[in-house]
Amino acid sequence: MITASAPGKLNLILLVGKPDQRGYHPLYSIFETLNIRERATVRFRPQRDESARIGMPIVVHTLGADLSDLEPTKHLAFRAARALILEAGELGIPAVPDGHVLEIEIEKSIPVAGGMAGGSADAAATLVAVDKLLGLNLDRERMHEIARGLGADVPACLEGGISLGLGYGDRMTRLDQPDTPEHYWVMCTMRQGLSTPAVFKEFDVQGRGRSKLPTSLREGDWRVLEGAEQLVGLLENDLQETALSMHPTLGQAWKVIEEAGPLAVLLSGSGPTVAALATSLEHARQIEQRLAEAPEVENTLVVSGPAQPAKVE
Ligand code: C5P
């Protein structure tokens, strides 16, 4: 039995280009991974009938969130395990022993449909755990290729730290150094989620895509590695206005969060989770307390970043 964990993320900077023919968007993104982690525990167990239904000897259980609406084969943990079983086949390495299934237990901590890459972190943790269980020992480059095929945020969750994502946000360059200071955030979730594809689609309808994106780190963006005060004014998310226009209560919540006294407020990914930047852990707790009674905000989580990469526990 192997357990691995992977961090969630926040996009400190998210610039979005016009969609390609497949409808995918080129991105310029600086990810900060967060100290809120998904855990994947994997093991082999004797097969009963259930996995025959989905054509692969993989069973996924999710704890801490209700994903019963999600088709089993769409769970990113399932897709991550399937990708590695296929990889093992290509390498001629025996994967799942006859008469057994690969059982995956996901313990979720990251809010679902919040723009914090919870599903991608499930995939990243599963990749690391299954790689170890099957004894594949894939190198970083191959793991990233497989991660990219699962979703644009999966490489960021594998990588940890603070990284620049180019291409579709999935070609990673790690930026943080051992002396990069911690940043404290209050992540504010909303009662109603937002679907990432729906936000990108509406973004296109609103004609907001940039015709040109930077192809390497912009000069001033190194400042993401400095303290919280230096982040103010740097934080930027092109999806923010679109998400605000789509969500019924996000605008009101935004005002309430600003009034709670953070240094800055930013939409997390495609939202609707809102990240409030604090100067310190104490400040983050104060903001959290001020939001405790706010009906517009479902829940608050104090987190810090950057975080450790996806790793075996
Ligand atoms: O890559 P991932 O599956 O996480 O993306 C979810 C959805 O977000 C995609 O199906 C696509 O609609 C949208 N997306 C996009 N451009 C990206 C990343 C995601 O349009 N670079």
If you measure from the Lys or Arg side-chain nitrogens to the Asp or Glu carboxylate oxygens, is any gap between [X] and [Y] under 4.0 Å?
| X | Y | result |
| --- | --- | --- |
| Glu296 | Arg191 | no |
| Glu236 | Arg218 | yes |
| Arg39 | Glu313 | yes |
| Arg208 | Asp238 | no |
| Arg174 | Asp176 | yes |

Examine [X] and [Y] and state if one hydrophobic cluster contains both, with Ile, Leu, Val, Met, Phe, Trp and Tyr joined whenever side-chain heavy atoms are less than 4.5 Å apart.
| X | Y | answer |
| --- | --- | --- |
| Val128 | Leu150 | yes |
| Met246 | Val16 | yes |
| Met1 | Val42 | no |
| Leu134 | Phe78 | yes |

Side chain to side chain donor-acceptor pair (under 3.5 Å): which pairs involve residues 77-88, sequence neighbours left out?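 Every side chain to side chain donor-acceptor pair (under 3.5 Å) pair that includes a residue of residues 77-88, provided the two are not neighbours, is Glu87-Arg142.
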Any pair counted as side chain to side chain donor-acceptor pair (under 3.5 Å), so long as it reaches residues 122-134, sequence neighbours left out: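 Residue pairs passing side chain to side chain donor-acceptor pair (under 3.5 Å), neighbours aside: Lys108-Asp122.
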More than 12 foreign heavy atoms under 6.0 Å from CD of Gln289: is that the case here?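 Not more than 12 within 6.0 Å, no.
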Both conditions, 6.0 Å and 45 degrees, for the charged tip of Arg22 above the ring of Tyr168: are they met here?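 Yes - Arg22 lies over the ring of Tyr168, closer than 6.0 Å to its centre and within 45° of its axis.
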Would you say [X] and [Y] make side-chain contact, with heavy atoms under 4.5 Å?
| X | Y | answer |
| --- | --- | --- |
| Leu138 | Leu91 | yes |
| Leu15 | Leu27 | no |
| Thr173 | Ser163 | no |
| Val186 | Arg290 | no |
| Phe203 | Glu241 | no |

Closest heavy-atom pair and its distance - [X], [Y]:
| X | Y | result |
| --- | --- | --- |
| Ser270 | Leu194 | O-CD1, 3.7 Å |
| Leu267 | Trp254 | N-CH2, 3.5 Å |
| Ile58 | Ile104 | CG2-CD1, 3.7 Å |
| Cys157 | Ala121 | SG-N, 3.7 Å |
| Pro46 | His100 | N-CD2, 3.6 Å |
| Ala124 | Ala6 | CB-CB, 3.8 Å |

Show your working on side-chain contact (heavy atoms from CB on, under 4.5 Å) between Leu10 and Trp185 and close with a plain yes or no. CA-CA 10 Å; Leu10 167 69; Trp185 302 93; 3.4 Å; yes
Do [X] and [Y] get their side chains close enough for a donor-acceptor pair, meaning under 3.5 Å?
| X | Y | result |
| --- | --- | --- |
| Glu38 | Ser5 | no |
| His25 | Asp204 | yes |
| Glu202 | Thr242 | no |
| Asn299 | Thr189 | no |
| His61 | Glu103 | yes |
| Glu282 | Gln286 | no |
| Ser304 | His183 | no |
| Thr273 | Ser268 | no |

Derivation and outcome, side-chain contact (heavy atoms from CB on, under 4.5 Å), residues Leu239 and Asn11: CA-CA 11 Å; Leu239 298 178; Asn11 304 78; over 6 Å; no
Begin from the C-alpha positions of Val130 and Leu127 and carry the test side-chain contact (heavy atoms from CB on, under 4.5 Å) through to its verdict. CA-CA 5 Å; Val130 174; Leu127 283 178; over 6 Å; no
